[in-house]
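In what follows, a single structure is set out as structure tokens and then discussed.
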Amino acid sequence: KYSGLAFLPCLVTHRIPIRQSTRSPTVSSGPPLSSVQSEDPSLLLSRAPLPLLSTRFPRMQVSENEEQLGYGSKRFIGAVADKYLAKYGESSALFADPSWTKTKADIVASALLDWGRCSGATVYTHWFQVHNHMFTFGKDGKPKWEFSGAELLKGETDGSSYPNGGLRATHTAGGYTILDPSSPVFIRGDTIHIPTVFISWEGYALDEKTPLLRAEQAMNREGVRLLKNLGFSTEGVQSNIGLEQEFFLVPRDAYARRLDLQMTGRTVLGRSAPRGQEMCDHYFAPLNPHALECIKTIQEEAFMMGIPLRTRHREVAPNQYEMAPYFGSATQQIDQNLMAMTLCEEVSARFGLACLMQEKPFAGINGSGKHNNWSIGTSEGINLLNVNQVTKATGNPAIFPVIMAALIAGVDKHGDLMRASIACPGNDFRLGAMEAPPAIISTYLGTAVTEFLDAYRKGSDATYTPAARTVKTGCRSVADFTVPTEDRNRTSPFPYGGDRLEFPA
């Protein structure tokens, strides 16, 4: 009897076609498939005793006092930073200007040391690099606490041992981690994590964050210039994103029997499962109680670090789930997403589960996307893709169509770069199948915006004013409701959604 819990086609039986092998599959990666398949998958997910887990990982009590909850207490911004910077005559307002790294690094380092000691963190890392303790031992054998501005701002490591496309050899191995002031410092466990970029001795980017920051800088420069030419002045322009993180949770003991899942992140052998997602009844089913306890713990640890994982729900495939945060600046959101993925993988292990982040772990069912809801806005908080907001703030109805035309031209001219940015072995199995958009990059604006832009380019002075449409429920007891001008498009690789463009590829 189907209980609303996920039936697990993903345990042992699914395969994903990659290429024809010239060798016969004579080597087994674990017990014979038949012996594993004999287990009832619906029981595997709930095998661990929940009372024991609840004892080891207690739920937090709900409180109206955010300080009592501890939300955001492990991120060094706002009130948390104010408490420790006040001792040195400063406040968190100094972080609004990145030049603090040139004038007040020692002050911030001292405040971070105080914060770390009060929070039980005695180690710092230029995230992702080496961990260093913030003390030495004096002649009397007692700890001597030290953390300088220079240590906060820069670290050095072996750049030749990092995947870098051959930029570093062992005889030119210098790699430098430099603090990124656009992303807040945070604590996890006993370690202060300092977000950084990774650059070579010659100044080459060894990471993916440095090119992102350089691109943001170029967009800011040209965006400010464009708006000024259109009669509107702003302090800056930035990318804002919201990343929807999908993943699978499967029993860890079954995962341990699948060497293909462990080594490649996806199944490469076995027969198709007796049931997949044909009934389309997983997305709206109740969360599996065991998986829910795991996800609650992930969210709570994220909340402590100021990561706003607001949404949690099932996804379309069996045992597939999703969490999504609020919108935020691109650099902060990416750092937070990386930590959220780490939490998913590590916390799930405590619950006897394995978290699969690969884009297409199983054939015949949906893969896991990281849908990127992208927009651009001014430093003052104006969303440049929201026509009503930008027209009201600027008084110039021409700004919205000019920005939209520039974005469409960018997709048309540089679609190959967008495609390259999402190209990896796992995602290339996902694109063009099941729920995933096609691998050919295009954009969809909706009928109303398309007709408006077409008229605008022909010289019309008409304005685009999206109006909500009322839908009648047909039920006297249920109120009528409004919907956006356009329906949701789940097929386009880059559709416009009213105030953002979604990149679900």
Side-chain angles (χ1 to χ4, degrees), residues 1-11 39-63 69-71 188 242-256 261 273 275-277 279-326 336-337 339-358 361-362 365-371 435:
K1 180 179 179 181
Y2 181 63
S3 64
L5 307 182
F7 185 82
L8 304 180
C10 43
L11 283 181
E39 298 183 349
D40 181 356
S42 64
L43 296 177
L44 284 173
L45 194 56
S46 58
R47 178 178 297 163
L50 288 178
L52 175 61
L53 288 170
S54 299
T55 301
R56 293 175 59 195
F57 308 106
R59 297 261 70 81
M60 297 183 61
Q61 297 300 313
V62 175
S63 168
L69 284 171
Y71 290 175
R188 188 178 184 217
L243 296 173
E244 305 171 22
Q245 182 64 60
E246 297 174 349
F247 54 92
F248 285 85
L249 290 175
V250 299
R252 201 165 191 85
D253 56 355
Y255 170 79
L261 270 180
R275 183 182 177 197
Q277 59 190 49
M279 299 296 291
C280 298
D281 55 356
H282 297 101
Y283 190 97
F284 294 100
L287 273 70
N288 177 285
H290 194 171
L292 177 58
E293 290 301 305
C294 174
I295 293 172
K296 284 180 181 178
T297 302
I298 293 168
Q299 285 183 300
E300 287 170 3
E301 293 198 18
F303 292 157
M304 299 299 141
M305 292 182 283
I307 302 174
L309 292 179
R310 181 188 185 196
T311 301
R312 67 183 184 218
H313 62 85
R314 276 193 185 273
E315 260 299 334
V316 174
N319 265 41
Q320 188 181 32
Y321 298 90
E322 178 184 307
M323 288 188 289
Y326 284 107
Q336 291 182 1
N337 179 255
M339 181 50 64
M341 289 194 294
T342 299
L343 287 173
C344 288
E345 292 176 340
E346 294 182 4
V347 172
S348 62
R350 304 178 199 166
F351 286 81
L353 302 172
C355 180
L356 307 182
M357 290 288 183
Q358 214 261 12
F362 312 109
I365 58 175
N366 283 13
S368 294
K370 197 195 299 282
H371 298 187
E435 89 304 348

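Start at 1 with the first residue, then count along the sequence. None of these values were measured; they are calculated from a predicted model.
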CD on Glu345 to CG on Leu356, rounded to 0.5 Å: 9.0 Å

To the nearest 0.5 Å, atom CE of Met323 lies from atom CG of Leu243 at 13.0 Å

Under a 4.5 Å cut-off applied to non-hydrogen side-chain atoms, are Ile307 and Pro325 in contact? no

Between the side chains of Gln277 and Asn366, does any donor sit under 3.5 Å from an acceptor? yes

Taking atom CE of Met339 and atom CD of Glu301, what is their separation to the nearest 0.5 Å? 10.0 Å

Restricting to side chain to side chain contact (heavy atoms under 4.5 Å, CB included), what partner residues turn up for Gln245, sequence neighbours left out? Phe247, Asn337, Met341, Met357, Lys370

Walk me through it: do Phe351 and Thr297 pass the test side chain to side chain contact (heavy atoms under 4.5 Å, CB included)? CA-CA 10 Å; Phe351 286 81; Thr297 302; 3.5 Å; yes

According to the interplanar angle, ranging from 0 to 90°, do the rings of Phe248 and Phe362 count as parallel (below 30°), tilted (30 to 60°) or perpendicular (above 60°)? perpendicular

Rounded to the nearest 0.5 Å, the CG atom of Leu353 sits from the CG atom of Asn288 at a distance of 8.0 Å

Spell out, as yes or no, whether a donor-acceptor pair under 3.5 Å connects the side chain of Arg314 to the backbone of Tyr283. no

Spatial distance of atom CD (Glu244) from atom CD (Glu315) [nearest 0.5 Å]: 8.0 Å

Looking at Ala340 and Leu309, what are the two nearest heavy atoms and their distance? CB-CD1, 4.3 Å

Gln358: what forms a side chain to side chain contact (heavy atoms under 4.5 Å, CB included) with it, not counting sequence neighbours? Arg266, Lys360, Pro361

List the atom of Gly276, the atom of Pro318, and the distance in Å for their closest heavy-atom pair. O-CG, 3.5 Å

CG of Leu292 to CZ of Arg312, rounded to nearest 0.5 Å, is 5.0 Å

So among Glu322, Gln320, Glu246, which one has a side chain to side chain donor-acceptor pair (under 3.5 Å) with Ser368? Gln320

